[in-house]
Visitor: 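Sharing a structure with you now.
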There are 2 protein chains.
Amino acid sequence: MVICGKERYNEPMTDTRTRILDTAQELIQTRGFCAMSFQHIAEIVGIKKPSIIHHFASKFELGKAVIQRYHQYFLGAMQGIQHDPNKSNRDALEFYFTPYLDFGESGDKVCLCGALAGEFMALGPEMQAEVREFFAAHERWLEEILTAGKAAGEFRFGGTSHQLARMFLSALQGGLLVKRATGSTHQLLDVIDVIRKQVH
Amino acid sequence: MVICGKERYNEPMTDTRTRILDTAQELIQTRGFCAMSFQHIAEIVGIKKPSIIHHFASKFELGKAVIQRYHQYFLGAMQGIQHDPNKSNRDALEFYFTPYLDFGESGDKVCLCGALAGEFMALGPEMQAEVREFFAAHERWLEEILTAGKAAGEFRFGGTSHQLARMFLSALQGGLLVKRATGSTHQLLDVIDVIRKQVH
DNA sequence: GACTACCTACCAATCGTTAGGTAGATTGCA
DNA sequence: TGCAATCTACCTAACGATTGGTAGGTAGTC
């Protein structure tokens, strides 16, 4: 299952709106929101710059739409495995690592909202609210998995699920950022390794 | 001891070059490098925009100088406490938390290099090298503290110092970013709490 | 005839940067 | 010591490029 957009990127039949969203997301994840321009998107998608406005009223609106879609894909997939009776909480935690690993392997991407958090004050109130909501929902999901896993005897850890969820989320977000900056592939793998040990 | 610049910000006698560096650093930490403009810096410092070029040949040069100063302040302070015979490795680790806590308390700052990591691909090769070097030196310091602390019986933990150093660095960088995005003060405090528990 | 999905041709604003000038302090030398 | 030359730290004015965004037109589809 593909989690975070861009799956049909090279198919010319994909509708323009989706290709704009895909390209914008990729540019934000690699270069950041402020460094992403309509001109750059238009060149990649193969349309003219003002045509983007036909699909998204403003750059902030486009940014909002990118986050909303990302939120829906990401959390949708996580909730899917959470409520799958054939999957354990440990399965869910392992599945949770995969998008981070995908970003890390795909070269130079970080989590969309991790990139946006770095330029948070320049985003405008609506995009800020979307980023905030993503992290909150994200953290809630992780906490539920940890709580359920502990109750089921799958996980063993001290402290609260809430604290540990915050730690894991922070560590993975930071791990991706540091990994890209240092170019060290193991940065993220080491973080995940420590997380695994921390719940058993 | 002040670690990260800006200490004499409101004194009019501070030389212009330092005030430009202070303002640029603050703007990068709050809004990001791409969203920071010469115009904005000039207005805050109280000079005209082209005068900045007299002190820094380009925006990338200014960015490089900001990172270099930050690196020197940060790592200098950390190495100071590392080699202080009156301070334990646990003291050093606690001291290491203070700049993160300061950023978190000062409202909406994140670590300079954490912000820059989010827009890494838009920074140009020289700034990228500075960010990379900062994280590498940073991680090395943490690893040394953990190794020395374990050898001295101050810390107890499984796995390698290297892995744990990577985890702590990532978690604190990510913690600051998520904290700003969610507005939750406890985000960073919880991360630090888990780190404390993890070495004892 | 209305709607969708584009286009061309602009717009004002802002970007980093350059050119060239000036006031004042510092320096080199007779 | 006196004076010219140089240097420092700014300034005003403007540069070309790029930014997000607007206006208005067109070809094709429902």
Side-chain angles (χ1 to χ4, degrees), chain A residues 8-9 11-28 30-67 115-116 119 121-128 130, chain B residues 8-9 11-28 30-67 115-116 119 121-128 130:
Chain A
R8 291 162 305 179
Y9 184 66
E11 288 182 26
M13 300 313 286
T14 308
D15 70 296
T16 305
R17 187 189 155 90
T18 302
R19 274 154 60 211
I20 294 172
L21 283 169
D22 289 345
T23 305
Q25 181 179 323
E26 171 124 7
L27 287 174
I28 295 171
T30 50
R31 308 173 54 85
F33 181 74
C34 292
M36 169 195 81
S37 73
F38 278 11
Q39 186 57 49
H40 201 168
I41 295 171
E43 278 165 19
I44 294 172
V45 172
I47 55 172
K48 298 296 169 180
K49 189 175 66 163
S51 302
I52 298 172
I53 295 291
H54 174 72
H55 297 278
F56 302 96
S58 71
K59 193 182 179 184
F60 285 144
E61 283 300 315
L62 171 57
K64 215 173 81 176
V66 170
I67 308 172
L116 292 171
E119 34 190 357
M121 307 303 284
L123 297 185
E126 297 199 10
M127 283 186 68
Q128 287 181 351
E130 294 294 335
Chain B
R8 293 163 302 178
Y9 185 67
E11 288 181 25
M13 299 312 286
T14 308
D15 72 297
T16 305
R17 188 189 154 88
T18 303
R19 274 154 61 213
I20 293 172
L21 283 170
D22 290 345
T23 306
Q25 181 178 324
E26 170 124 8
L27 287 175
I28 295 171
T30 49
R31 308 174 55 84
F33 181 74
C34 292
M36 169 195 81
S37 73
F38 279 12
Q39 186 58 49
H40 201 168
I41 295 171
E43 279 164 19
I44 293 173
V45 172
I47 56 174
K48 297 296 169 180
K49 187 175 66 162
S51 302
I52 298 172
I53 296 289
H54 175 71
H55 297 277
F56 303 96
S58 71
K59 193 183 179 184
F60 285 143
E61 283 299 315
L62 172 57
K64 215 172 80 176
V66 170
I67 307 172
L116 291 171
E119 33 190 357
M121 307 302 285
L123 298 185
E126 300 201 8
M127 283 186 69
Q128 286 180 352
E130 294 293 336

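Throughout, protein chains are lettered first and strands after them, A, B, ... in sequence-line order, and every chain is numbered starting at 1.
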Visitor: Nearest whole Å is fine: how far is C:dC15 C1' from B:F33 CZ?
Guide: 12 Å
Visitor: Rounded to the nearest Å, what distance is computed from the CZ atom of residue A:R19 to the C1' atom of nucleotide C:dA5?
Guide: 12 Å
Visitor: I want to check one thing: is the phosphate of C:dC6, taken as OP1 and OP2, less than 4.0 Å away from some side-chain N or O of A:H54?
Guide: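 No.
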Visitor: Does A:S51 make a side-chain N or O approach to OP1 or OP2 of C:dC7 shorter than 4.0 Å?
Guide: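 Yes.
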Visitor: Looking at B:T16, I'd like to know whether one of its side-chain N or O atoms comes within less than 4.0 Å of OP1 or OP2 on D:dC10.
Guide: yes
Visitor: Nearest-Å distance, NE2 (A:H55) to C1' (C:dA5)?
Guide: 6 Å
Visitor: What distance separates B:I53 CD1 from B:K59 NZ, expressed to the nearest 0.5 Å?
Guide: 11.0 Å
Visitor: Which heavy atom in B:L116 sits nearest to a heavy atom in B:M127, and how many Å separate them?
Guide: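 B:L116 and B:M127 have their closest heavy atoms at CD2-CE, 4.1 Å.
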Visitor: Output yes when at least one side-chain N/O atom of A:S37 is less than 4.0 Å from OP1 or OP2 of D:dT19, else no.
Guide: yes
Visitor: Quickly work out the A:D15 CG to C:dC6 C1' distance and round it to whole Å.
Guide: 14 Å
Visitor: Answer yes or no for A:K48 and A:F38: cation-pi contact, defined as NZ/CZ to six-membered ring centre under 6.0 Å and angle to ring axis within 45°.
Guide: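 Negative - A:K48 is either too far from the ring of A:F38 or too far off its axis.
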Visitor: Could you check how far NZ of B:K59 sits from C1' of C:dG16, rounded to whole Å?
Guide: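 Atom NZ in B:K59 sits about 8 Å away from atom C1' in C:dG16.
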Visitor: Taking NZ, NE, NH1 and NH2 as the nitrogens, is one of them in A:E130 or A:K64 under 4.0 Å from a carboxylate oxygen of the other?
Guide: no
Visitor: Think B:K48 has a side-chain N or O under 4.0 angstrom from the OP1 or OP2 of D:dC11?
Guide: no
Visitor: Does any N or O donor sit under 3.5 Å from an N or O acceptor when you compare the side chain of A:K49 with the base of D:dG20?
Guide: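 Answer is yes: a donor-acceptor pair is held.
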Visitor: To the nearest Å, how far apart are B:H40 NE2 and C:dA13 P?
Guide: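 Rounded to whole Å, this separation is 19 Å.
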Visitor: For the residue pair A:A65 and A:F56, what are the closest heavy atoms and their distance?
Guide: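 Of all heavy-atom pairs spanning A:A65 and A:F56, the closest is CB-CE2, 3.7 Å.
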Visitor: What's the closest nucleotide to the A:I47 side chain, out of C:dG16, C:dC6, D:dG20?
Guide: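 Output: C:dC6.
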Visitor: In whole angstroms, how far is the P atom of D:dA17 from the CZ atom of B:F38?
Guide: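 For the pair B:F38 CZ and D:dA17 P, the rounded distance is 19 Å.
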Visitor: In this structure, how many angstroms lie between the C1' atom of C:dC11 and the CD atom of A:Q39, rounded?
Guide: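 My rounded result for the distance is 15 Å.
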Visitor: If you check the B:P50 side chain, which of C:dT18, C:dC15, C:dT8 turns out closest?
Guide: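 Among the listed nucleotides, the one closest to the side chain of B:P50 is C:dT18.
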